[in-house]
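Note on naming: letters A, B, ... go to the chains in the order of the sequence lines (proteins, then strands), and numbering restarts at 1 for each one.
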Amino acid sequence: MSVGLQRLREDAPAIRQGAIDKGEDPSIVDQALAADARRRELLAEGDHLKAERNTASKAIGESIRVGADPHGPATAALRARSTAAGSRISAIDTELATVDATVEDLLLRIPNPADLDVPVGGEEANVTIRTWGEQLPRVQPLSGEVGADAPADGARWERRPHWEVGAGLRIFELERGAKIAGSGFPVYRGLGSTLQRSLISWFLDVHTRENGFTEIWPPAVVNAASARGTGQIPDKEDQMYVVTRDELYLVPTAEVPVTNLHRDEIFEASELPVRYAAYSPCFRREAGAAGKDTRGILRVHQFDKVEMVLFERPEASAQALEWMTGRAEDLLQRLGLAYRVLLMATREMGFVQGRKYDIEVWAPGVERWLEVSSCSNFRDYQARRMAVRYRPQPGAKPELVHTLNGSGLALPRVVAAIIESYQNPDGSVTVPAVLRPYLGQAELRPPP
RNA sequence: GGAGAGGUGGCAGAGCGGUCGAAUGCGGCGGUCUUGAAAACCGCUGAGGGUGCAAGCCUUCCCUGGGUUCGAAUCCCAGCCUCUCCGCCA
């Protein structure tokens, strides 16, 4: 924890500016500095008294060893000294405990400053880094190639939003999901369900067989320490479902359990990078988003996602972020879905990220870009909270690792984009070639 | 859920309430020897914090949190976790 304090002491102005850029309260930095100063005062005084108590107690032990009466007058003065120190120590320790808690609490409320080249601002400041693929139109000629001139008869067809196509195919049961759990808890039926499995399997297969990831199947709940480690607490606490009876949190992403796998551990440099790919269901309350994206499966309380998690050497983390983002893009390219990559501006990137790319896929039925992946470099911020370190050289002092993660990919919006991009005028949906072996079908057809 | 055992350094495994941060073994690092390697032998080898230019000094940590005591890895209480047996169960 105090490695964070060291940086705070040395680099307070930059951290204060980082908080301002992210739209957070910079005065927390000064409060933390002040609390830290008090903490060090108490620490110095307490250590001094403890040294005194230790020497007195040791002297008692020594005199007993040479024959003194443990409760006799020979040791009485020493005992008195030790007792006096002891009572002052407990007073100091009591205050220290509260100051420590204050410092820790304040530290948790200071955001990770963004990289220097990240644009400052909100959504309007995001930068589109690159785009890939053909942005399909919603309306196109009934015959002929996409983008071709309209045929003479003027016949056209319109792509429909995924919820309409899905209803026709009977692959979603959104109303029944609302009945049995609540709105935002979709049910997938038939090949819709198979499609979920297929995507999960294919994503994981690519990551493990081609990209060098180790597959992890994590718990769907975590304890408070884990939620704190990755920064869900206190920053995003109200976005999580909580099992109060057992003090457990339903995971909002596999990032939380998987990154916490190595909490309080020390890697050898030769072990890095560690690359994990993990499927998990994801639970999000979406508090504050009520009324937004209520149709279809664009914003739901439970969804499925394959997440990539990396532990890297600090000097390698920037390159690793580019690589990992590329792995997510590769999946979309092989699915044949158009997408764009955005470098997110400071107020768009959240508390713990140092740099974040969002990948948005084009959904022609709703005519929107949908976020299907978010790839971030947390630098040493999460590592500090979780005490994940590595030895740069064998036998060297441990230093904080860098952690990164990115979706690879989130299912529901990918499903929506597939359905809207691959739908045919007759209501069927062509299955992207890479998924056919998994799905056992070349197309999804409405039941007769 | 019931009964019992246990949680000590990277691992294994000791540790009468007082030089115990902790024996010993393994592992790791360095060295001697060797053409090289192995073996053998010698030495070193936990983490956090405070202070200091530094060497160093001080302090905390033997699952977690309380308590007893001049002094706790060692005693007491609570919790968590692991293992064994029984019950239940996908």
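If you check B/rG71, B/rG50, B/rG46 against the side chain of A/Arg9, the one that comes closest is B/rG50. Distance from the side chain of A/Ala44 is smallest to B/rG50 among B/rG18, B/rG48, B/rG50. Comparing atom distances between the A/Arg40 side chain and each of B/rG71, B/rA47, B/rU51 picks out B/rU51 as nearest. Which of B/rG48, B/rG71, B/rG50 sits closest to the side chain of A/Arg389 comes down to B/rG48.
Look at the C1' atom in both B/rU51 and B/rU32: the space between them is 40 Å, to the nearest Å. B/rG65 and B/rC11 have their C1' atoms separated by 28 Å, given to the nearest Å. Separating the C1' atom of B/rU34 from that of B/rC41 is a span of 14 Å, rounded to the nearest Å. B/rC77 and B/rU60: their C1' atoms are spaced 23 Å apart (whole Å). Annotation: B/rC20 and B/rC29 have their P atoms spaced 30 Å apart (nearest Å). The separation of B/rA23 from B/rC62, taken at their P atoms, amounts to 16 Å, rounded to a whole angstrom.
Distance alone, capped at 3.5 Å, places no donor-acceptor pair between the A/Ser280 side chain and the A/Cys282 backbone. Not a single donor-acceptor pair under 3.5 Å links the side chain of A/Glu45 to the backbone N or O of A/Leu42. Between the side chain of A/Lys22 and the backbone N or O of A/Asn112, at least one donor-acceptor pair lies under 3.5 Å. Side chain of A/Arg413 to main chain of A/Leu298: a donor-acceptor pair is present (N/O by atom type, distance under 3.5 Å, no hydrogens or angles).
For the pair A/Arg275 and A/Trp323, the cation sits on the ring face: its NZ or CZ lies under 6.0 Å from the ring centre, inside 45° of the axis.
Phosphate proximity of B/rA47 to A/Lys397: absent, as no side-chain N or O sits under 4.0 Å from OP1 or OP2.
Across the protein-nucleic acid pair, A/Glu62 atom CD and B/rG18 atom P stand 13 Å apart, rounded to whole Å. The distance between atom CG of A/Asp36 and atom C1' of B/rG49, rounded to the nearest whole Å, is 11 Å.
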Check nucleotides 58-62 of chain B for protein N or O atoms closer than 3.5 Å to its own N or O atoms and list the pairs.
{"residue": "B/rU59", "atom": "OP1", "partner": "A/Asn54", "partner atom": "ND2", "Å": "3.3"}
{"residue": "B/rU59", "atom": "O2'", "partner": "A/Asp47", "partner atom": "OD1", "Å": "3.0"}

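Annotation for A/Tyr249 and A/Ala224: closest pair CE1-CA, 3.7 Å, computed over non-hydrogen atoms.
For A/Glu95, the salt bridge (Lys or Arg N to Asp or Glu O under 4.0 Å) partners two or more places apart in sequence, or in a different chain, are A/Arg38.
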